[in-house]
Amino acid sequence: MSDLKFSKDHEWVAMDGDVATIGITDHAQQALGDVVFVELPELGRVVAAGEACAVVESVKAASDVYAPISGRVVEVNSALGDNPGSINSDPAGAGWFFKLELSAPAELAELMDDAGYHRFVEESA
Amino acid sequence: MADSAESLLETPLGALHRELGGRMVPFAGYAMPVQYPLGILGEHLHCRAAAGLFDVSHMGQAELVGENAAAALEALTPADVAGLKPMRQRYALLTTEAGGIFDDFMVANFGNRLFLVVNASRKHDDFARIEAALPAGVKLNRLPDRALLALQGPGAAAAIAPLAPALVAMKFMDVAEVTIAGVPCFVSRSGYTGEDGYEISVPAEQAESLARALLALPGVAPVGLGARDSLRLEAGLCLYGNDIDETTSPVEAALTWSIGKRRRMEWNFPGAERVREDLANGTQRLRVGIRPEGRQPARGHTPVHVPGGAAIGEITSGGFGPSLGGPMAMGYVARAHATDDTPLELMVRGKPLAARVAAMPFVANRYAR
């Protein structure tokens with residue numbers, strides 16, 4: 001998945017046309033621990049890059065998930081309601097959060113590539 | 001509070017925690033493992049199914065010696081200390097003059113001395129308060145050179161029996177001086193999980209070898225602070241600083257049971273007037289268990305409302321109960337809304353979440369009574 005882009009808030013972005021699928025990284029799910037509940041954004045909500053738009057609850061704490069880029073929510077992963085644990089077991093696959101139709105595709109250039117994200121994680125450790 | 005890595009204190013098991021893959025976090029000035037590689041959920045369930053080993057060496061340990069030690073302690077607590085039988089332990093509160101809770105702690109009668117275990121975040125204040133109140137002939141010996149381990153779970157007694165057969169005959173809240181794997185220990189059959197188990201006070205220099213001996217027993221896994229919190233909340237036990245503090249009275253906190261019967265006739269403890277008033281007329285608010293509907297947890301400081309109406313309280317501890325299989329919380333609500341099954345609304349991030357007052361513990365205790 002070398003075409004994934006990453007935010008400093010530990011979200012990943014996968015592009016398909018002008019629709020971005022967004023989830024949290026393996027590093028993020030490890031730091032959060034076992035996820036027990038997810039609050040997803042409403043369909044149609046317009047979000048700006050950096051805006052909190054989902055909440056992930058682990059046994060221990062609640063954490064915000066931010067929109068890494070601006071856009072409109074066109075789909076959410078409702079399967080997470082019954083199986084939030086897939087965020088831990090398959091964060092870059094079945095554990096995706098929501099899809100955005102991009103309003104400012106130029107923002108993608110602000111995100112990190114795979115190598116850049118790994119450097120970022122190591123430097124902030 | 002210390003929170004930079006340089007200024008954090010280490011327990012005698014710091015190196016062992018790191019070797020076991022513990023994720024270290026600041027807690028009450030100490031670097032403590034919040035979890036090991038198994039994770040909070042797995043550690044929690046393991047403790048309820050088999051046995052978990054916890055490092056609680058950050059807690060304060062001390063002994064009170066002198067002929068009138070029990071009477072001296074009763075000047076600071078509403079518990080019946082004088083009536084505590086030899087080799088028995090009791091849960092107690094230190095109260096303030098205004099009737100708030102200064103700390104909660106365990107006191108054990110070892111015959112020739114009282115042994116105290118107090119909260120890590122309060123130990124310096126507690127010991128200073130106790131020392132300041134002691135009459136001539138009674139002395140508080142702080143025991144900073146002792147570690148404290150907790151072995152908790154339905155498999156704890158069977159696991160530790162080969163190392164110290166004497167532990168098996170103990171009942172819940174018994175204490176004993178026992179040699180375990182060659183190490184002389186002060187042991188109580190108690191804990192903070194709702195499970196059967198032991199808390200073991202051990203000389204610091206022998207703590208790691210004892211911890212390794214316990215971890216080598218069948219079914220014993222290390223458990224961190226994360227699961228310690230979810231286990232105690234399922235058991236309905238208070239966390240000082242969250243659920244009780246200097247602003248909560250023992251009666252509001254539903255801890256009246258920790259006040260000795262004799263003490264309720266003598267009324268000679270700090271804050272007795274407030275407690276007496278609370279018992280006679282009832283309190284404005286009460287600590288209750290709360291179960292949100294669905295799967296969404298409600299955390300500490302979540303406002304509690306009447307459904308569709310006014311604010312009537314606040315959650316003080318809340319999270320997800322791995323053994324309960326759902327969210328759980330405790331908090332304070334107005335007394336008129338404190339009956340089991342009363343519908344409530346929790347305002348989580350501005351949105352109402354349906355909930356009900358629920359009996360605690362959320363998961364049944366399994367003490368060795």
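Only heavy atoms go into these numbers, but all of them, side chains included; no hydrogens, no water, no symmetry mates. Letters A, B, ... are given to chains in the order of the sequence lines, protein chains preceding strands, and every chain is numbered from 1. All values reported here derive from a predicted model rather than from experimental measurement.
- Looking only at distances, no side-chain donor or acceptor of R295(B) sits under 3.5 Å from a matching main-chain atom of P84(A).
- Closest non-hydrogen pair, D34(A) versus G42(B), comes out as OD2-N, 4.4 Å.
- Heavy atoms from other residues, nucleotides or ligands lying under 6.0 Å from CZ of R119(A) number 12 at most.
- When all heavy atoms of F320(B) and V59(A) are compared, the pair lying nearest together is O-CG1, 3.9 Å.
- Taking all atoms of both residues into account, the shortest heavy-atom contact from E57(A) to R299(B) is OE1-NH2, 2.6 Å.
- A heavy-atom distance below 4.5 Å is found between the side chains of V36(A) and P297(B).
- Residues E43(B) and K60(A) are not paired through a salt bridge, judged by the lack of any N-O separation under 4.0 Å between the basic side chain and the carboxylate.
- Of the atoms belonging to V55(A), it is side-chain heavy atoms, and not backbone ones, that fall under 4.5 Å from chain B.
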